[in-house]
A.B. asks: 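Structure in structure tokens, see below.
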Amino acid sequence: MCGRTSCHLPRDALTRACAYQDRWGQQRLPEWRDPDKYCPSYNKSPQSTCPVLLSRLHFEKDADSSERIIAPMRWGLVPSWFKEDDPSKLQFSTINCRSDTIMEKQSFKVPLGKGRRCVVLADGFYEWQRCQGTSLRQPYFIYFPQIKTEKPGSIDAADSPENWEKVWGNWRLLTMAGIFDCWTPPQGDVLYSYTIITVDSCKSLSDIHQRMPAILDGEEAVSKWLDFGEVSTQEALKLIHPTENITFHPVSSVVNNSRNNTPECLAPVNLEVKKGGSQCRLLPELEGRNRFDC
């Protein structure tokens, strides 16, 4: 599953990170809808507002479906048919949508059939590995492999949490496949909300958790998922599968409390080996590996 993310980039930086080519090969930046609703955070939890990419055609009937909008939306899909006056009264969780049952549940099947596909943007997401023999869980930060920059001091920046953000000059955003819907309450404005599609974990993450977000790896996959005007639901669903193009590192338990919103949430930590007693096991993928090797 995916129940916590980070998306801390300022709005302008986030916009530049989402540069794309339209149908005619022209380089473009997506435009924002309700930009003031975007609140950067190192620790986003369900029911918070997070940025998603979607086709401009969802808002303008004469727009080209390859053009993109960034819109802040509520994490946790509220179906358009929901009859109560408060989203918190929804009796089931919609923060994630399993790929294998996506066509069985009306909450997801209906908006998907309407082309309401989106890409959820994040620096990365957090997942917790259960520590053997205890009730404790070790959090990990999971993200795309990054290209090292030549900025002075960038490689050593993570030696202290307050300097961690120095390595984020050219960060490649994680792009997760999602579905959104729009709900009109009895009184008030239309609420846009989304769910993250999940798949079986790739081999490298399976020791941490058995599920992972459906990650769209590359511009072509993102473009096809968003362009509901040209790409059918059946074709788009072929993009939903695990990817091994992912990396991760252990982080501090400070992220466990969703009220904590500091760079320390995603700063790498060393897992200490304790003599005697139960402890979290260092994953083989992390042994002898520089945390910045991509």
Side-chain angles (χ1 to χ4, degrees), residues 1-2 5-7 9 14-31 50-58 63-71 73 75 77 96-103 108-109 111-125 127 142-147 170-180 194-206 211-248 294:
M1 64 173 293
C2 178
T5 66
S6 171
C7 191
L9 295 180
L14 186 70
T15 305
R16 292 193 299 272
C18 293
Y20 71 101
Q21 288 187 349
D22 63 17
R23 200 182 309 283
W24 299 274
Q26 182 178 352
Q27 191 78 0
R28 305 188 63 164
L29 294 178
E31 295 183 9
C50 307
V52 305
L53 277 176
L54 65 163
S55 170
R56 182 191 290 273
L57 187 58
H58 289 295
D64 186 276
S65 58
S66 71
E67 296 181 12
R68 302 177 188 177
I69 295 285
I70 303 180
M73 292 189 185
W75 185 3
L77 186 145
N96 290 160
C97 164
R98 291 180 63 99
S99 61
D100 51 337
T101 59
I102 197 170
M103 299 304 291
F108 308 131
K109 179 181 178 180
L112 181 62
K114 295 179 179 178
R116 291 177 175 171
R117 308 193 299 252
C118 65
V119 173
V120 182
L121 302 171
D123 312 322
F125 70 100
E127 196 54 84
I142 304 165
Y143 49 98
F144 270 139
Q146 302 295 314
I147 298 175
N170 247 342
W171 195 260
R172 182 188 176 193
L173 290 174
L174 197 66
T175 43
M176 299 175 284
I179 303 168
F180 76 93
Y194 72 89
T195 185
I196 296 174
I197 300 173
T198 64
V199 295
D200 290 335
S201 281
C202 62
K203 182 178 179 181
S204 60
L205 291 182
S206 60
R211 304 288 295 177
M212 68 181 294
I215 295 170
L216 300 166
D217 188 4
E219 174 59 23
E220 182 179 0
V222 169
S223 179
K224 287 183 176 180
W225 183 252
L226 292 179
D227 194 353
F228 72 101
E230 295 292 329
V231 181
S232 68
T233 299
Q234 184 178 8
E235 284 299 310
L237 288 176
K238 294 178 181 178
L239 301 166
I240 303 304
H241 51 73
T243 177
E244 290 288 351
N245 187 28
I246 205 75
T247 191
F248 52 89
C294 299

A.B. asks: In Å, rounded to the nearest 0.5 Å, how long is the span from CD of Glu67 to CD of Gln26?
C.D. replies: 9.0 Å
A.B. asks: Applying ring-ring contact (aromatic ring centres under 6.0 Å, His included), name anything that partners Phe108, two or more places apart in sequence or on another chain.
C.D. replies: none
A.B. asks: So, do Ser223 and Tyr20 sit near enough that their side-chain heavy atoms are less than 4.5 Å apart?
C.D. replies: no
A.B. asks: Would you say the side chains of Asp22 and Ser66 form a donor-acceptor pair under 3.5 Å?
C.D. replies: no
A.B. asks: With rounding to the nearest 0.5 angstrom, report the CZ to OG1 distance, Arg98 to Thr195.
C.D. replies: 12.5 Å
A.B. asks: Determine whether Leu121 and Thr175 make a side-chain contact, defined as any pair of heavy atoms from C-beta on separated by less than 4.5 Å.
C.D. replies: yes
A.B. asks: Between Arg117 and Ser55, do the side chains contain an N or O donor and an N or O acceptor separated by less than 3.5 Å?
C.D. replies: no
A.B. asks: Distance-only check: which donor-acceptor pairs under 3.5 Å involve side-chain atoms of residues 228-241, not counting sequence neighbours?
C.D. replies:
| residue | atom | partner | partner atom | Å |
| --- | --- | --- | --- | --- |
| Ser232 | OG | Glu235 | N | 3.2 |
| Glu235 | OE2 | Lys238 | NZ | 2.9 |

A.B. asks: Rounded to the nearest 0.5 Å, what separation is found between the CD1 atom of Ile102 and the CG atom of Leu112?
C.D. replies: 5.0 Å
A.B. asks: Let me confirm one number: the CZ-CG distance from Phe144 to Asn245, rounded to the nearest 0.5 Å.
C.D. replies: 6.0 Å
A.B. asks: Before you tell me yes or no, could you show the steps for Leu173 and Asp123 under side chain to side chain contact (heavy atoms under 4.5 Å, CB included), namely the whole-Å CA-CA distance, both residues' side-chain angles and the distance that decides it to 0.1 Å?
C.D. replies: CA-CA 5 Å; Leu173 290 174; Asp123 312 322; 4.0 Å; yes
A.B. asks: Nearest heavy-atom pair of Leu29 and Thr15: which atoms, and what distance?
C.D. replies: CD2-O, 3.7 Å
A.B. asks: As an exercise, state the distance from CG of Leu205 to CG of Asp200, rounded to the nearest 0.5 Å.
C.D. replies: 12.0 Å
A.B. asks: About how many Å separate CH2 of Trp225 and CE of Met176, when rounded to the nearest 0.5 Å?
C.D. replies: 13.5 Å
A.B. asks: Which atoms form the tightest heavy-atom contact between Leu14 and Leu9, and what is the distance?
C.D. replies: N-CB, 4.2 Å
A.B. asks: Answer yes or no: is there a donor N or O on one side and an acceptor on the other, between the side chain of Gln146 and the main chain of Arg172, under 3.5 Å?
C.D. replies: yes
A.B. asks: Quick one: does Trp75's side chain have a donor or acceptor within less than 3.5 Å of a partner on Tyr194's backbone?
C.D. replies: no
A.B. asks: Apply the test side chain to side chain contact (heavy atoms under 4.5 Å, CB included) to residues Phe248 and Glu127: give CA-CA distance (whole Å), side-chain angles for both, the deciding distance (0.1 Å), then the verdict.
C.D. replies: CA-CA 10 Å; Phe248 52 89; Glu127 196 54 84; over 6 Å; no
A.B. asks: Could you check if a side-chain atom of Val119 sits within less than 4.5 angstrom of a side-chain atom of Arg68, using non-hydrogen atoms only?
C.D. replies: no
A.B. asks: For Glu244, look at atom CD and say whether over 12 heavy atoms of other residues, nucleotides or ligands are found less than 6.0 Å away.
C.D. replies: yes
A.B. asks: Which heavy atom of Pro242 sits nearest a heavy atom of Ser201, and at what distance?
C.D. replies: CB-C, 4.4 Å
A.B. asks: Taking side chain as C-beta onward, heavy atoms only, is Ile142 less than 4.5 Å from Leu174?
C.D. replies: no
A.B. asks: Closest heavy-atom contact between Ile70 and Pro51?
C.D. replies: CG2-CB, 4.0 Å
A.B. asks: Search all heavy atoms of Cys118 against all heavy atoms of Ile179 and return the closest pair with its distance.
C.D. replies: SG-N, 3.9 Å
A.B. asks: Side-chain contact, heavy-atom cut-off 4.5 Å: Thr243 with Met212?
C.D. replies: yes
A.B. asks: Identify the heavy atoms of Ser99 and Arg211 that sit nearest to each other, and give their distance.
C.D. replies: N-NH2, 3.9 Å
A.B. asks: Kindly indicate whether the side chain of Glu31, heavy atoms from C-beta on, has any atom under 4.5 Å from the side chain of Arg56.
C.D. replies: yes
